Chemist: 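Below: one structure in structure tokens.
Proteins get letters first, then strands, A, B, ... in listed order; numbering begins at 1 in each. Please read these numbers as outputs of a predicted model, since none were measured by experiment.
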There are 2 protein chains.
Amino acid sequence: MHEAVFVLSAECIDNVAMLNHKIALLSPSGIPRTHLISMKKKSNVTIHDLARQLGVSSSTVSRALKSHHSIGEETTKAVKSLAKELGYRPNNLAVSLRKQHSTSIGVIVPHINRPFISSLVSGVEQAAREAGYSVLISQSYESLDIEIGNASAFFNSRICGLLVSCANETTEYAHIQQFKDSGIPVVFVDRIPENDECYKVMIDNREATFKATEHLIRQGCRRIAHYGGPPQQLMYRLRRQGYIDALAKHGLPFDENLLLTATKLTPEEGFMLAEKALSLPNPPDGILAVNDNTAVSTILYAKSKGIRIPQDLAIIGFNDDPVCTIIEPNLSSLHQPGVEMGKMAVSHLFNILDNEIVDVPRTTILDTHVMPRASSVRS
Amino acid sequence: MHEAVFVLSAECIDNVAMLNHKIALLSPSGIPRTHLISMKKKSNVTIHDLARQLGVSSSTVSRALKSHHSIGEETTKAVKSLAKELGYRPNNLAVSLRKQHSTSIGVIVPHINRPFISSLVSGVEQAAREAGYSVLISQSYESLDIEIGNASAFFNSRICGLLVSCANETTEYAHIQQFKDSGIPVVFVDRIPENDECYKVMIDNREATFKATEHLIRQGCRRIAHYGGPPQQLMYRLRRQGYIDALAKHGLPFDENLLLTATKLTPEEGFMLAEKALSLPNPPDGILAVNDNTAVSTILYAKSKGIRIPQDLAIIGFNDDPVCTIIEPNLSSLHQPGVEMGKMAVSHLFNILDNEIVDVPRTTILDTHVMPRASSVRS
DNA sequence: CAGCTTCATGCAATCGATTGTTTGCGCAAT
DNA sequence: ATTGCGCAAACAATCGATTGCATGAAGCTG
């Protein structure tokens with residue numbers, strides 16, 4: 001699987017040299033090798049070190065460092081200058097412990113390595129860091145048990161807020177409740193629980209597929225199939241509803257055979273769905289897929305069967321992953337703003353954190369729009 | 001940009017009910033709304049709470065919870081049962097502060113939302129969590145200044161180890177040195193500094209492009225162009241070297257005109273490079289791109305010009321991003337194991353953490369292999 | 001010059017858990 | 001009855017920073 005290169009060399013340990021012991025070891029071959037052994041002792045400077053060196057108390061140092069008015073000008077200057085000189089760095093662990101709140105935001109997502117989610121996490125990281133907060137991540141792998149474990153670890157780490165995009169499996173929320181019970185705000189992102197009593201940042205999933213379906217209808221589609229996601233997720237039910245509502249609005253019949261359900265939404269499953277849909281006695285002339293993976297597979301499958309896209313079959317996906325502009329024909333898709341969603345979730349969290357008593361809107365809904373491309377646009 | 005839905009409802013705060021005040025407010029319209037205001041006071045149970053309720057000291061509780069032999073059987077049982085009953089959760093902040101080391105691993109990468117990197121981070125998260133560690137992430141956006149800021153924040157958070165994939169801008173490492181000075185292990189991943197005095201997990205970049213170039217040569221290419229990355233990154237220089245070495249081994253001349261350099265490696269830049277390479281008086285018959293973005297753009301550009309792939313032009317990319325199996329013809333690429341690399345980096349970190357005195361191999365090299373696909377395979 | 005304010009600083013408790021060092025008790029041996 | 005031992009548990013210091021309150025000196029007022 002891998003080969004390891006074994007290289008011996010002295011460690012670089014400047015400032016703590018006095019705390020280290022330089023010793024010479026003899027290797028089995030008898031050739032001496034010089035080796036620095038780093039002792040456990042850290043070289044970290046604390047306010048007490050500063051205090052001792054300046055002959056003042058540590059409370060004075062603490063106050064001076066944040067320019068408290070009750071500390072004399074000269075003392076303040078002296079403290080700050082020594083702090084800089086010795087490279088003093090406040091210990092966040094101690095600060096958080098004392099202040100009874102940390103500045104770490106926990107994030108739970110199903111998988112990080114998916115285009116939409118990694119964008120979301122990127123947005124979270126950006127907004128958090130700009131505000132001086134740090135971001136703890138974890139993946140649930142769509143498993144409720146793992147999600148529970150991750151939530152528990154976050155709780156023990158005393159995060160100051162939690163962002164969750166639920167696993168598909170998740171229908172119970174006891175592991176989330178513990179945060180609310182302790183006054184730690186929770187914001188759901190994208191994958192939202194049924195429960196209305198929670199903060200959330202999301203898109204209007206019903207409206208999104210409604211728009212996407214209307215787009216297909218405007219392109220002349222009359223028999224539109226829909227690949228739906230696992231129905232235990234509210235999100236996927238809403239998307240299905242948008243599809244149904246659009247058909248109804250435009251007077252198209254709803255045919256149960258055209259409603260397929262995916263569980264894992266992988267490319268492989270996409271092929272299976274495509275095969276199923278396109279071998280119907282009366283096959284669809286348009287497909288609304290609940291994600292881009294399955295839409296892409298459908299394009300590939302249709303092309304292999306000589307079905308022309310978009311003339312015979314118009315296709316639209318969901319998420320607007322990067323592949324949309326790579327596959328040929330380019331895949332139309334529903335764009336949802338991942339990075340913005342992450343940023344918005346963080347700002348939502350901060351609103352709750354800041355105004356504990358003031359009412360914060362429960363729900364933030366971000367705009368989506370259809371990205372019309374060659375896979376569905378009949379010119 | 002977005003609309004906010006404003007919903008009023010009572011917060012769900014079971015366990016801390018005694019600490020909350022249920023009050024009735026009158027809205028401007030005169031309609032009373034019941035509202036729960038959560039006070040700052042946390043309901044968190046500490047060992048002192050357990051101690052008080054059981055009439056023992058907190059040190060006894062602490063020891064009982066970890067089944068220390070010096071605590072009597074009955075006491076231990078009583079402590080554990082009360083702990084469970086009250087939902088006691090150890091405060092990691094306090095534990096870390098006391099034990100002088102946390103269980104958080106810091107990760108700095110250029111961008112999370114890139115396929116290879118998000119896989120890497122996924123691997124890190126998985127390995128870390130399995131070992132009971134948590135993962136702090138941050139992005140440098142290829143900026144040294146931001147990387148320095150992120151490192152500083154991590155230092156203040158007293159992470160127990162750092163994983164870094166350097167920004168392209170980064171050529172100085174003072175911000176990394178502070179960790180080594182404090183005995184905090186640092187492992188570089190993928191993007192490695194010049195300095196040999198560091199731990200690293202990587203692929204053999206020279207060998208990788210060597211193999212990729214040989215692959216093209218075996219397919220009959222005689223004029224192979226190379227899109228190189230920013231040369232200040234060692235990685236990209238090594239990749240260029242592999243290309244040059246392979247040409248030399250097979251007696252092919254090295255033509256400077258065929259060596260193009262990209263700085264941002266975006267799809268757009270890929271188009272520019274493709275245009276430049278393919279409009280040469282004596283254009284190449286094979287292209288080795290330093291990433292998949294630019295390779296994909298080259299395929300698209302070549303197709304638009306009626307250049308046949310792979311007959312007229314064979315193309316191979318680097319990273320094996322998901323698009324490789326989507327684009328047509330499918331893009332050959334050099335596969336590097338992202339998830340494994342992340343896991344390996346964490347395990348490397350743990351090795352250093354565990355054996356402070358024992359020698360740990362400096363460098364771990366993971367295998368790569370060519371994924372031959374239609375873009376380069378001439379049957 | 002006693003009494004008061006103002007200013008700069010120190011003291012000590014606190015956050016929650018860990019851990020080296022007593023202490024107190026019961027029991028057996030001398 | 002004294003000594004010694006072992007067990008179970010308490011005491012107290014510690015990690016690094018924060019913060020309410022006390023202190024003490026200088027300066028001002030009547």
Chemist: Measuring from the side chain of B/Asn91 (C-beta onward, heavy atoms only), which nucleotide among D/dA17, C/dT9, C/dA17 has the closest atom?
Modeler: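 Side chain of B/Asn91 sits closest to C/dA17.
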
Chemist: Output one line per pair: protein atom, nucleotide atom from nucleotides 20-27 of chain C, and distance, for all N/O pairs under 3.5 Å.
Modeler:
residue, atom, partner, partner atom, Å
C/dG20, N7, B/Arg63, NH2, 3.0
C/dG20, O6, B/Arg63, NH1, 3.2
C/dG20, O6, B/Arg63, NH2, 2.8

Chemist: Restricting to salt bridge (Lys or Arg N to Asp or Glu O under 4.0 Å), what partner residues turn up for A/Arg63, sequence neighbours left out?
Modeler: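 Salt bridge (Lys or Arg N to Asp or Glu O under 4.0 Å) list for A/Arg63, sorted by chain: empty.
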
Chemist: How many whole angstroms separate atom CG of B/Leu93 from atom P of D/dG16?
Modeler: 15 Å

Chemist: Going by the rule ring pair (Phe, Tyr, Trp, His ring centres under 6.0 Å), which residues pair with B/Tyr88 if we only count those two or more places apart in sequence or in a different chain?
Modeler: none

Chemist: Could you state the CG-C1' distance from A/Leu54 to C/dA8, rounded to the nearest angstrom?
Modeler: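 Taking CG of A/Leu54 and C1' of C/dA8, I get 15 Å after rounding.
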
Chemist: Establish, for the pair B/Arg362 and B/Phe188, whether the NZ or CZ atom is under 6.0 angstrom from the six-membered ring centre and no further than 45 degrees off its axis.
Modeler: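 No - B/Arg362 does not lie over the ring of B/Phe188 by the 6.0 Å and 45° rule.
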
Chemist: Closer than 4.0 Å, any side-chain N/O of A/Ser57 to the OP1 or OP2 of C/dG10?
Modeler: yes

Chemist: Under 4.0 Å, heavy atoms only, any strand: does B/His69 hit a base, just the sugar-phosphate, or nothing?
Modeler: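 Touches sugar-phosphate only.
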
Chemist: Rounded to the nearest angstrom, tell me the gap between atom CZ in B/Arg158 and atom P in D/dA17.
Modeler: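 Going from B/Arg158 (CZ) to D/dA17 (P), I get 7 Å.
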
Chemist: As a quick check of understanding, evaluate side chain to side chain donor-acceptor pair (under 3.5 Å) for A/His48 and A/Thr46, giving each step before the final call.
Modeler: CA-CA 5 Å; A/His48 305 293; A/Thr46 71; 5.1 Å; no

Chemist: Using a 4.0 Å heavy-atom cut-off, does A/Thr46 contact any base of the nucleic acid, only the sugar-phosphate backbone, or nothing at all?
Modeler: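 Since only primed, P, OP1 and OP2 atoms lie under 4.0 Å of A/Thr46, the category is sugar-phosphate.
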
Chemist: Taking any heavy-atom pair under 4.0 Å as a contact, classify B/Thr75: base, sugar-phosphate, or nothing.
Modeler: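 Sugar-phosphate, backbone atoms only, no base.
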
Chemist: Where the side chain of B/Gln178 meets the backbone of B/Phe155, is there a donor-acceptor pair that is under 3.5 Å apart?
Modeler: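 No; judged by distance alone, with no hydrogens or angles, the pair does not exist.
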
Chemist: Please state how far atom NE2 in B/His68 lies from atom P in D/dA8, giving the value in whole angstrom units.
Modeler: 11 Å

Chemist: Main chain of A/Ala153, side chain of A/Ser157: is a donor-acceptor contact present, judged purely on distance under 3.5 Å?
Modeler: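 Yes; at least one donor-acceptor contact below 3.5 Å.
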
Chemist: Rounding to a whole Å, what distance do you find between A/Leu86:CG and D/dG16:P?
Modeler: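 Roughly 15 Å, once rounded to whole Å.
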
Chemist: If I take atom NE2 in residue B/His48 and atom C1' in nucleotide C/dA17, what distance separates them, rounded to the nearest angstrom?
Modeler: 7 Å

Chemist: What contact category does A/Val56 fall into here, base, sugar-phosphate, or nothing, at under 4.0 angstrom with non-hydrogen atoms?
Modeler: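 Here A/Val56 touches the backbone only, sparing every base.
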
Chemist: OP1 or OP2 of C/dG10 sitting under 4.0 Å from any side-chain N/O of A/Thr60?
Modeler: yes

Chemist: Looking at D/dT14, I'd like to know if its phosphate oxygens (OP1 or OP2) sit under 4.0 Å from a side-chain N or O belonging to B/Gln100.
Modeler: no

Chemist: Specify the residue among B/Leu97 and B/Ile71 whose closest nucleotide of DNA chain D lies further upstream toward the 5′ end.
Modeler: B/Ile71

Chemist: Return the value, rounded to whole Å, for the distance between atom CG of B/Asp49 and atom P of C/dA17.
Modeler: 9 Å

Chemist: When we call it a touch if two heavy atoms are under 4.0 Å apart, what does A/Arg89 touch: a base, just sugar-phosphate, or nothing?
Modeler: sugar-phosphate

Chemist: I want to check a possible cation-pi pair here: A/Arg89 against B/Phe154, using under 6.0 Å from ring centre and within 45° of the ring axis as the test.
Modeler: no

Chemist: CD1 of A/Ile47 versus P of C/dT14: gap in Å, rounded?
Modeler: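 Atom CD1 in A/Ile47 sits about 18 Å away from atom P in C/dT14.
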
Chemist: Flag the pair B/Glu130 and B/Lys343 as a salt bridge only when some basic side-chain nitrogen lies within less than 4.0 angstrom of an acidic carboxylate oxygen.
Modeler: no

